[in-house]
Number of protein chains: 2
Amino acid sequence: MSDAEFKPTPGETDGPVPKAVVSRLSLYLRQLQQGLLGGQTTISSKELGRLLGFTDAQVRKDLAYFGHFGYPGIGYKCEELISAVKRILGTDQTWPVALVGLGNLGRALIGYKGFAQRGFTIVAAFDNDPGVVAAGPIDGLPLYHLDNLPEVARQNRIRLGMIAVPGPAAQSVADRLVAVGVEGILNFAPVTIKLPEGVSQVGVDLAIELEQLTFSVVNRGATT
Amino acid sequence: MSDAEFKPTPGETDGPVPKAVVSRLSLYLRQLQQGLLGGQTTISSKELGRLLGFTDAQVRKDLAYFGHFGYPGIGYKCEELISAVKRILGTDQTWPVALVGLGNLGRALIGYKGFAQRGFTIVAAFDNDPGVVAAGPIDGLPLYHLDNLPEVARQNRIRLGMIAVPGPAAQSVADRLVAVGVEGILNFAPVTIKLPEGVSQVGVDLAIELEQLTFSVVNRGATT
DNA sequence: TAGATTGTTAATCGATTAACAATC
DNA sequence: TAGATTGTTAATCGATTAACAATC
């Protein structure tokens with residue numbers, strides 16, 4: 001892939017990219033990788049859309065925000081498009097991630113295989129319970145007391161953090177992550193956290209996901 | 001709260017409710033419950049919006065899809081609005097949920113405190129590894145082989161399921177859940193699953209959440 | 001060439017916001 | 001009453017879809 005196939009910088013020429021577009025990009029990538037495993041070498045916008053429940057026009061428009069990746073009459077070459085989307089998302093490199101919170105959820109995140117496959121490695125995990133930390137590495141991952149966050153985060157050039165602590169502790173943990181230069185936080189605590197400008201957040205509240213599901217079960221067909 | 005404050009059925013009179021509205025409803029509920037803990041008895045659309053980063057108009061419009069819950073000049077009474085939103089979402093009752101998959105993530109879900117607080121109880125957990133099942137209950141929760149899904153699901157009147165199995169197994173598990181009458185599936189496997197009409201799904205892909213975060217870190221400010 | 005499919009423009013559709021009469 | 005705030009309408013804004021010339 002040559003740089004020329006990419007637009008200068010997404011946003012500079014075309015205004016900001018809608019969040020919905022970016023979230024579909026991840027789904028395209030996942031589907032493309034699955035297709036590639038199945039031996040597929042090219043795919044049309046129509047087929048990719050069908051597999052995910054989108055229109056062909058939407059697939060093409062989404063990709064067109066970022067450049068010209070397709071071949072008229074042919075479609076998209078899977079490997080090429082995978083590389084392109086990874087690069088757009090920033091996951092053509094592996095990101096070191098800090099995890100805070102070593103309860104059930106934190107431990108599950110440590111064991112989660114899916115991160116490595118998509119360009120993320122948890123390189124350090126923190127808790128504020130000395131007993132938990134003293135129990136030593138989990139799956140070879142070093143554990144630290146939260147007080148050691150500054151050194152460890154800087155040594156590992158950590159820009160992304162995951163918060164898996166109880167709700168009441170989340171804001172304070174977020175503040176400490178921001179203080180050591182973390183630029184993005186994936187928050188699993190069931191509270192809204194406030195972050196300064198320039199720090200991104202994605203919130204995942206497991207109970208809310210079930211709640212959304214419940215609404216659509218109870219109100220079958222009453223959503224857009 | 002009297003029934004009269006609710007519109008007949010969301011959707012019948014006003015067309016389908018946008019998904020985005022429903023997802024904000026969950027955030028309103030979470031924020032209201034947090035406010036109530038802090039002793040707040042009423043809240044205005046302006047304040048609720050400010051806490052979550054929405055406009056006051058949006059808050060009022062979202063709630064107005066479902067009825068008249070506010071008091072002009074006063075705002076909303078927290079307890080009343082909490083009850084109303086729970087009822088809208090369907091979480092004014094507790095839902096029994098089946099969990100399939102007893103790896104790291106499945107076990108974390110069993111231990112997750114947040115579900116009970118929001119109206120969900122995992123009442124049975126399944127795996128297809130007999131060794132895992134034989135190891136016996138986890139936190140008092142009975143474990144079953146997946147082959148026992150039909151009896152157990154029917155005995156417990158289970159309508160919601162969570163899938164926490166590896167990607168390649170997810171579709172087959174989904175099919176089995178649907179076969180026993182499950183109406184909504186929360187899918188943690190990193191694949192798109194196909195379900196028949198009339199069965200809802202919400203997908204949570206942890207790696208995709210990190211990916212979305214990464215994009216916004218790399219393209220600071222370039223999203224809507 | 002004929003058939004397929006892209007990237008892009010214009011039209012449509014839907015969601016958000018601003019404004020304000022009604023209400024407490 | 002004056003001040004605050006709702007529910008709702010109309011205006012704005014943004015995202016999706018349809019259509020099609022260009023391309024392979």
Side-chain angles (χ1 to χ4, degrees), chain A residues 4-7 10-11 13-25 27-28 32 35 40-78 80-81 84-85 88 222-224, chain B residues 4-7 10-11 13-25 27-28 32 35 40-78 80-81 84-85 88 222-224:
Chain A
E5 299 183 17
F6 285 86
K7 299 196 174 175
T13 45
D14 313 275
V17 180
K19 246 207 224 20
V21 170
V22 184
S23 84
R24 286 191 297 267
L25 234 39
L27 297 175
Y28 299 154
L32 287 163
Q40 199 167 20
T41 58
T42 70
I43 192 167
S44 66
S45 58
K46 193 172 168 199
E47 174 70 353
L48 185 52
R50 193 187 57 74
L51 290 165
L52 293 166
F54 306 129
T55 63
D56 57 335
Q58 177 135 77
V59 172
R60 292 197 299 279
K61 190 127 217 281
D62 285 349
L63 295 172
Y65 271 97
F66 305 97
H68 298 195
F69 306 111
Y71 299 87
I74 308 291
Y76 301 86
K77 300 187 182 173
C78 295
E80 248 181 46
L81 189 54
V85 174
I88 293 163
T223 42
T224 304
Chain B
E5 299 184 17
F6 285 87
K7 300 197 174 176
T13 45
D14 315 273
V17 180
K19 245 205 224 23
V21 170
V22 184
S23 85
R24 285 191 297 266
L25 234 40
L27 297 176
Y28 299 155
L32 286 163
Q40 198 165 21
T41 58
T42 69
I43 192 167
S44 66
S45 58
K46 192 171 168 202
E47 173 70 353
L48 186 51
R50 193 188 55 76
L51 289 165
L52 293 165
F54 306 129
T55 64
D56 57 336
Q58 177 135 77
V59 172
R60 292 197 300 278
K61 191 123 215 281
D62 286 348
L63 295 172
Y65 271 96
F66 305 97
H68 297 195
F69 306 110
Y71 299 87
I74 308 290
Y76 301 87
K77 300 187 182 173
C78 294
E80 248 181 48
L81 189 53
V85 174
I88 293 163
T223 42
T224 303

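Naming: A, B, ... by sequence-line order, numbering from 1 per chain. Computed over heavy atoms, backbone and side chain alike; hydrogens, waters and symmetry mates excluded.
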Novice: What nitrogen or oxygen pairs link the protein and nucleotides 22-24 of chain D at under 3.5 Å?
Specialist:
from    : atom 1 : to     : atom 2 : distance (Å)
dC24(D) : O4'    : P72(A) : O      : 3.4

Novice: Let's go through L48(B) and D56(B) carefully: what are the C-alpha distance in whole Å and the side-chain angles of both, what is the deciding distance for side-chain contact (heavy atoms from CB on, under 4.5 Å) to 0.1 Å, and is it a yes or a no?
Specialist: CA-CA 8 Å; L48(B) 186 51; D56(B) 57 336; over 6 Å; no
Novice: Output all residues satisfying side-chain contact (heavy atoms from CB on, under 4.5 Å) with A57(B), sequence neighbours left out; order by chain, then residue number.
Specialist: T55(B), R60(B)
Novice: Suppose we screen for side-chain contact (heavy atoms from CB on, under 4.5 Å). Which residues come up paired with S23(B), at least two apart in sequence or across chains?
Specialist: Q212(A)
Novice: Assess the residue pair F69(A) and E80(A) against the criterion (side-chain contact (heavy atoms from CB on, under 4.5 Å)); give the C-alpha distance rounded to whole Å, side-chain angles, the decisive distance to 0.1 Å, and a yes or no.
Specialist: CA-CA 8 Å; F69(A) 306 111; E80(A) 248 181 46; over 6 Å; no
Novice: Specify the separation, in whole Å, of atom CG of D62(A) and atom C1' of dG14(D).
Specialist: 14 Å
Novice: Please enumerate all residues that pass side-chain contact (heavy atoms from CB on, under 4.5 Å) together with K61(B), with sequence neighbours excluded.
Specialist: none
Novice: Nearest heavy-atom pair of V17(B) and V22(B): which atoms, and what distance?
Specialist: CG1-CG2, 3.8 Å
Novice: Rounded to the nearest angstrom, tell me the gap between atom NZ in K61(B) and atom P in dT12(D).
Specialist: 16 Å
Novice: Under the side-chain contact (heavy atoms from CB on, under 4.5 Å) test, which residues partner P72(B), sequence neighbours left out?
Specialist: none
Novice: Look at R60(A) and dT6(C) and indicate whether a side-chain polar atom (N or O) is within less than 4.0 Å of OP1 or OP2.
Specialist: yes
Novice: Identify, with sequence neighbours excluded, every residue that meets side-chain hydrogen bond (donor to acceptor under 3.5 Å, both in side chains) alongside E47(A).
Specialist: R50(A)
Novice: Checking Y28(B) now: which residues fulfil side-chain hydrogen bond (donor to acceptor under 3.5 Å, both in side chains) with it, not counting sequence neighbours?
Specialist: D62(B)
Novice: Under 4.0 Å, heavy atom to any atom of DNA chain D: which of residues 41-58 of chain B qualify?
Specialist: S44(B), S45(B)
Novice: What verdict does the side-chain contact (heavy atoms from CB on, under 4.5 Å) test give for Y76(B) and S44(B), after you've listed the backbone C-alpha separation in whole Å, the side-chain angles of each residue and the deciding distance to 0.1 Å?
Specialist: CA-CA 6 Å; Y76(B) 301 87; S44(B) 66; 6.0 Å; no
Novice: Indicate whether OP1 or OP2 belonging to dT16(C) is found under 4.0 Å from a side-chain N or O atom of R24(B).
Specialist: yes
Novice: Rounded off to whole Å, could you give me the CZ-to-P distance for the F69(A) and dG7(C) pair?
Specialist: 9 Å
Novice: Mind calculating the distance between NZ (K19(A)) and P (dA15(C)) to the nearest angstrom?
Specialist: 17 Å
Novice: Could you tell me the separation between the CD atom of E80(B) and the P atom of dT6(D), rounded to a whole number of Å?
Specialist: 14 Å
Novice: For DNA chain D, list all stems, counting runs of three or more consecutive pairs where every pair is Watson-Crick or G-U wobble with both distances under 3.5 Å.
Specialist: C:3-24 with D:3-24
Novice: In whole angstrom, what separates L63(A)'s CG from dT6(C)'s C1'?
Specialist: 11 Å
Novice: To the nearest Å, give me how far apart NE2 (H68(A)) and C1' (dT5(C)) are.
Specialist: 15 Å
